[in-house]
Peer 1: 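Structure below; questions to follow.
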2 protein chains.
Amino acid sequence: MRIGELAARAGVSVRALRYYEEQGLLTSTRSASGQRHYTQHAVERVTFLQRMYEAGLSSRTIAELLPCVDSPSAETSDAALERMAEERDRLSDHIEELIRTRDALDGLMATNRAHRETLRTA
Amino acid sequence: MRIGELAARAGVSVRALRYYEEQGLLTSTRSASGQRHYTQHAVERVTFLQRMYEAGLSSRTIAELLPCVDSPSAETSDAALERMAEERDRLSDHIEELIRTRDALDGLMATNRAHRETLRTA
DNA sequence: CTTGACCCTCACGTGGACGTCAGGTTTTAG
DNA sequence: CTAAAACCTGACGTCCACGTGAGGGTCAAG
């Protein structure tokens, strides 16, 4: 498929796909005229990339993880696996922090609603 | 206390505090010479702001929530409370997404380690 | 009374993941 | 065969939470 279709299927912009390639996160074969072509597999690759971005990883960091994704347990993936474990732990900490933040918001909302009840009863 | 001390206590930069004030998220009294002075309460205010930023809220969004924080159940906080509930839900969804991402990373790591075992045994 | 730490207000710089316009080629539908 | 739609490569624009000087007052200590 061409870049427009991949963009539609993966739910991202064409510009984003070109950017991913520029960052070494996504490869494509080129037709004689220079147009990018992708396989079905590219869709899940892009989904994976989106997931990593959402987790707060930078393009550079994602690039460091890719050997681990593409060729499991190759010699070169030693560092990648370590990096992945590192990012996983960072993500885990972040999740816990966000949960505490959600609790804080819940507390604030409860306080407000309690006050509201007080006013209505008075 | 002055701005330097608040920065140290809250663990943020002096620049950040001035920025928060510029965005209407933090107020200060000024001395005759124009220097900012804060009360103890400012420390927790800044901590709250940091928490909101970490949750992915923008300055504008945080500003919309503040009436709810400052004067619980005032007339003006109706919209604020609704906004807060909205952001809480958004945060909750985000947390779940991050957990799925962590699971994905765990799966990748497991696959890699399994391959590694296979290679060692062979 | 001077030195050094701290404070002030502009105001431009930064990094990252794209958005967007320019100017041109290629593919597809009719 | 033609026009629209889709694609290409630069390259500058955007947003946002600050970082970072520039240039100049302020305050406690010696």
Side-chain angles (χ1 to χ4, degrees), chain A residues 1-39 42-43 45-66 87 90-91 94 97-98 101, chain B residues 1-39 42-43 45-66 87 90-91 94 97-98 101:
Chain A
M1 76 187 86
R2 292 190 299 169
I3 198 171
E5 189 176 346
L6 176 58
R9 290 202 192 186
V12 303
S13 71
V14 168
R15 176 68 175 95
L17 296 180
R18 295 206 187 99
Y19 177 74
Y20 298 161
E21 181 170 324
E22 187 183 322
Q23 301 298 309
L25 307 180
L26 180 65
T27 55
S28 64
T29 59
R30 298 297 189 108
S31 71
S33 62
Q35 298 204 344
R36 293 172 179 83
H37 283 197
Y38 303 92
T39 65
V43 179
R45 162 61 70 113
V46 173
T47 302
F48 173 77
L49 294 179
Q50 287 289 103
R51 216 175 243 297
M52 292 304 109
Y53 279 125
E54 197 195 330
L57 309 199
S58 68
S59 294
R60 238 187 74 76
T61 304
I62 298 175
E64 293 178 42
L65 265 51
L66 285 184
E87 291 302 328
R90 192 188 313 281
L91 178 56
H94 190 204
E97 191 62 28
L98 290 184
T101 300
Chain B
M1 76 187 86
R2 291 189 300 171
I3 198 170
E5 188 176 345
L6 177 57
R9 290 202 193 186
V12 304
S13 71
V14 167
R15 176 69 174 98
L17 295 180
R18 295 205 187 100
Y19 177 75
Y20 299 160
E21 182 170 324
E22 188 183 321
Q23 300 298 309
L25 308 180
L26 180 65
T27 55
S28 64
T29 58
R30 298 296 188 109
S31 70
S33 61
Q35 299 202 344
R36 293 171 177 83
H37 281 209
Y38 303 92
T39 65
V43 179
R45 162 61 69 114
V46 173
T47 302
F48 173 77
L49 294 179
Q50 287 290 104
R51 217 176 241 297
M52 293 304 109
Y53 279 125
E54 196 195 331
L57 309 199
S58 69
S59 294
R60 239 187 75 76
T61 304
I62 298 175
E64 293 179 42
L65 265 52
L66 285 185
E87 291 302 329
R90 193 189 310 283
L91 177 56
H94 191 204
E97 192 62 29
L98 290 185
T101 300

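Both backbone and side-chain heavy atoms feed into the values below; hydrogens, waters and symmetry mates do not. A, B, ... follow the sequence lines: proteins, then strands. Residue 1 opens every chain.
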Peer 1: Check the distance between D:dT26's P and B:Arg2's CZ and give it to me in whole angstrom.
Peer 2: 13 Å
Peer 1: State, with a plain yes or no, whether a side-chain heavy atom of A:Tyr38 is found less than 4.5 Å away from one of A:Leu26.
Peer 2: yes
Peer 1: Rounding to an integer number of Å, can you tell me how far B:Glu54 CD sits from D:dC18 C1'?
Peer 2: 16 Å
Peer 1: Set out, in order, the CA-CA distance, both residues' side-chain angles and the distance that settles salt bridge (charged side-chain N to carboxylate O under 4.0 Å, His left out) for B:Arg90 and B:Glu87, then state yes or no.
Peer 2: CA-CA 5 Å; B:Arg90 193 189 310 283; B:Glu87 291 302 329; 3.3 Å; yes
Peer 1: Quick check on A:Arg30: does its CZ atom have over 12 non-hydrogen neighbours (other residues, nucleotides or ligands) under 6.0 Å away?
Peer 2: yes
Peer 1: Could you list the residues that satisfy side chain to side chain donor-acceptor pair (under 3.5 Å) with A:Glu5, not counting sequence neighbours?
Peer 2: A:Arg9
Peer 1: In whole Å, what is the span from the CE atom of B:Met52 to the P atom of D:dC16?
Peer 2: 19 Å
Peer 1: For every nucleotide of nucleotides 18-24 of chain C, 5' to 3': is a protein heavy atom under 4.0 Å from its base (B), only from its sugar-phosphate (S), or from neither (-)?
Peer 2: BBB----
Peer 1: Using heavy atoms and a sub-4.0 Å distance, could you list which residues of residues 30-37 of chain B are near DNA chain C? By number, please.
Peer 2: B:Arg30, B:Gly34, B:Gln35, B:Arg36
Peer 1: How would you list, by chain and number, every residue that makes a salt bridge (Lys or Arg N to Asp or Glu O under 4.0 Å) with A:Arg36, sequence neighbours excluded?
Peer 2: A:Glu21
Peer 1: Check this one for me: any side-chain N or O of A:Ser59 less than 4.0 Å away from OP1 or OP2 of C:dG16?
Peer 2: no
Peer 1: Which residues pass the ring-ring contact (aromatic ring centres under 6.0 Å, His included) test with B:Tyr20, sequence neighbours left out?
Peer 2: B:Tyr53
Peer 1: Rounded to whole Å, how long is the line connecting atom CD of B:Glu22 with atom P of C:dC8?
Peer 2: 13 Å
Peer 1: Grab the CD-P distance between B:Gln23 and D:dC18 for me, whole Å please.
Peer 2: 10 Å
Peer 1: Taking side chain to side chain donor-acceptor pair (under 3.5 Å) as the test, write out the residues that go with B:Thr29, two or more places apart.
Peer 2: none
Peer 1: Between A:Thr61 and A:Leu57 (side chain of the first, backbone of the second, donor and acceptor by atom type, cut-off under 3.5 Å), is there such a pair?
Peer 2: no
Peer 1: Atom CD of A:Glu21 to atom P of D:dC7: distance rounded to whole Å?
Peer 2: 14 Å
Peer 1: Are any of the side-chain heavy atoms of A:Met1 and A:Val43 separated by less than 4.5 Å?
Peer 2: yes
Peer 1: Rounded to whole Å, how long is the line connecting atom CZ of A:Arg18 with atom C1' of D:dT9?
Peer 2: 8 Å
